[in-house]
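Remember, predicted model here, so these are calculated numbers, not experimental data. Letters A, B, ... are given to chains in the order of the sequence lines, protein chains preceding strands, and every chain is numbered from 1. All values below were derived from every heavy atom in this structure, side-chain atoms included, with hydrogens, water molecules and symmetry-related copies excluded.
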Amino acid sequence: MKLIVAEKRSVAQSIAKFLGRSYKSQKLYGVSVYRFNYGGGEAVAIGLSGHIMDFDFAARQNVWTWLPPEELFNATPILVLRGETLKYVKALKSLATKADEVYLALDADVEGEAIAYETALVVKMVNPRARLYRVRFNAVTYKEIVSAFQKPTYIDLKKVEKVFTRMQVDLTLGAVFTRFLTLTVRNSLNKGQFLSYGPCQTPVLGIVVTRELQRRNFKPEKYYVIKAVVEIGSSKVEMSADAKFKTKGEAEAIAATIKRGVVKIAVYKPHYVEPPEPLETVELERRASRWLGINSKKTLDIAEELYRAGYISYPRTETTIYPPTLDLKEVLEELTAGEHGPYALELLRKGFKPTRGDSDDGAHPPIYPTKGATRAEIFKVFGKAGGHAWAVYDLVVRHFLATLSPPALVEKQKIVVSFGKIELSAEGQRTIDEGYWRIYPWERQPEKPLPRVAPGEPARAVEIRVVERETEPPPQMTESELLALMKKYGIGTDATMQDHIYTNIKRGYVKLVKGKCIPTALGISLATSLFQYAPELIEPTVRAKIEKSLNSIVKDGVSPAKLIAEIKLEFSKYYQNLKAKREEIKKALETALYSIQQQSRG
DNA sequence: GCAAGGTC
């Protein structure tokens, strides 16, 4: 028998569908498996739920108060089966005993390689004679799957080493510093509360706190601008000077010279506003946070459910190019059955051209709808969560339709009038063709048309004012901006970025209020201590540095043991720096913890 | 009780 192991249920089912003409689905220990005929014999496909193994410390090393945290730098984590996925392991073992060939059809990324290795270990436990092959496909399509199975290869151990090194490094650093922080203030914590450190969560906190401190330390400065209503022919235009004046006197002196002028520039030029690129996870989260008021964690949860219910494609993807194998026309035809049907029909009739981004994760297509639906249908399927489910589904559908739609066409307008000593200007815009804005209202740009005038026309300023203004602090960090910064700094992956924000919320370091990330007293205190005594732990570039050295395992053949030793040595220095300031840190954190307790009591 | 990464 041939056994095929995929990373998730949906892929196992697709493989059964593509390789067998028909298949039978069955439950084994509560896990779906798919039986079919392939190559003249029996085959069965099973989908896991991601990793089945994990690293942990030995039991006695997990007694926080018994072992000084820094001792973990001398410990070696061990590979263990995960408790949460034991039913998958049971089902896998039971199938593996009867298999003579095992095809490791995990995703074609480094994590998939590691899960393939974990699977191989389990298979070998029960059936050492089974022949193991690794198959790699870049999309779950008939063509890719069939050709992948025609040329099976072997596990790439370098990639496995990279992932296992990351697991050990993250666990060790997380455990050492989490235990240090927690034990430092243990008498001031509530039962079950702890203070965590992580190479992703902590830099995220650092970004949020840095912005908040910039705002708090900001000193506004007054400045003055000149505004006027300018008559040109029979039109009146509100105009302003680009210049900013430090004092009111300077501005008034110049303003007094403004009387009659002449139009120097008058341009009206067409400009295309292109529709968005195909949708990937983080963009979905950012747009839902900004436009729908749904936070990133919730959005990914809802998207996951929409995917499981068959309404949208796999929601964890970094790809922004529709694969050639995806039949966009078919998707449009499917959408004609739902609320966006009329627009889909219009695109089918008029023709369409998809936009294209520049990234392809090699595993999943961009997020697109897989089924047309009405609002009533979604509310029926999702019950209480119907409102949010509809909002996210509607965004995915509209985004998809937008990527196939023509650009919007606007006229960019600019008038500059010269008044001798100073120029006043105005910018405006007029919509010529709404294009994709019709289906994607969130990106619609406002109309603010200027009159048609020509260079050389005389002008006269009336209602000349000097207006007092103040420089403004940087805005509060929105969740959308934070996600963009995490992406820029390489903190987390598409599937985990929202987790790292959520961890900061769970720990009481950050609050998310109306899409804005606001650090708490505890978050500010923790971040400030780290910036002061061990900045290497909290700077936004930490994760990218670790990630880069991990890649050297795959690229340059660096030995994992050597790399782990180097990273431990480096971070044990940071640990010593923190330990030397333990009393200062304790005081700062306790002050914050105390103020929070007072607040919750009062 | 620690992390980050898969996926549910």
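- Aromatic ring centroids of A:Phe36 and A:Tyr23 lie 6.0 Å or more apart.
- Among the atoms of the strands shown, none is found under 4.0 Å from any heavy atom of A:Phe180.
- Between A:Tyr88 and B:dT7, a side-chain N or O to OP1/OP2 separation shorter than 4.0 Å is absent.
- Taking side-chain N and O atoms only, A:Arg9 has no distance below 4.0 Å to OP1 or OP2 of B:dG6.
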Show every donor-acceptor pair shorter than 3.5 Å between a side-chain atom in residues 63-74 of chain A and any protein atom, with sequence neighbours excluded, or say none if there are none.
| from | atom 1 | to | atom 2 | distance (Å) |
| --- | --- | --- | --- | --- |
| A:Glu70 | OE1 | A:Tyr575 | OH | 2.8 |
| A:Glu70 | OE2 | A:Lys579 | NZ | 2.8 |

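- Contact check, A:Arg316 against B:dT7: a side-chain N or O comes under 4.0 Å of OP1 or OP2.
- Listed by residue number, A:Arg166, A:Met167, A:Asp170, A:Leu171, A:Gly174, A:Ala175 are the residues of residues 157-177 of chain A with a heavy-atom contact under 4.0 Å to DNA chain B.
- Checked against ring-ring contact (aromatic ring centres under 6.0 Å, His included), A:Tyr103 has the following partners two or more places apart in sequence or in another chain: A:Tyr133, A:Phe149.
- Taking every heavy atom of residues 189-202 of chain A and every atom of DNA chain B, pairs under 4.0 Å involve A:Gln193, A:Phe194, A:Ser196, A:Tyr197, A:Gly198, A:Pro199, A:Cys200, A:Gln201, by number.
- Going from atom CG of A:Asp301 over to atom P of B:dT7 covers 14 Å, rounded to whole Å.
- Closest contact between the side chain of A:Trp64 and the listed nucleotides B:dG1, B:dT7, B:dA3 involves B:dG1.
- In this structure, the separation between CG on A:Leu181 and CZ on A:Arg186 is 13.5 Å, given to the nearest 0.5 Å.
- If you run salt bridge (charged side-chain N to carboxylate O under 4.0 Å, His left out) between A:Glu111 and each of A:Lys159, A:Arg316, A:Arg166, only A:Arg166 comes through.
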Compile the donor-acceptor pairs under 3.5 Å between side chains in residues 585-594 of chain A and protein atoms, sequence neighbours left out, one pair per line.
| from | atom 1 | to | atom 2 | distance (Å) |
| --- | --- | --- | --- | --- |
| A:Glu590 | OE2 | A:Ser188 | OG | 3.0 |
| A:Thr591 | OG1 | A:Lys587 | O | 2.7 |

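- Not counting sequence neighbours, the partners of A:Tyr574 by the ring-ring contact (aromatic ring centres under 6.0 Å, His included) test are A:Phe571.
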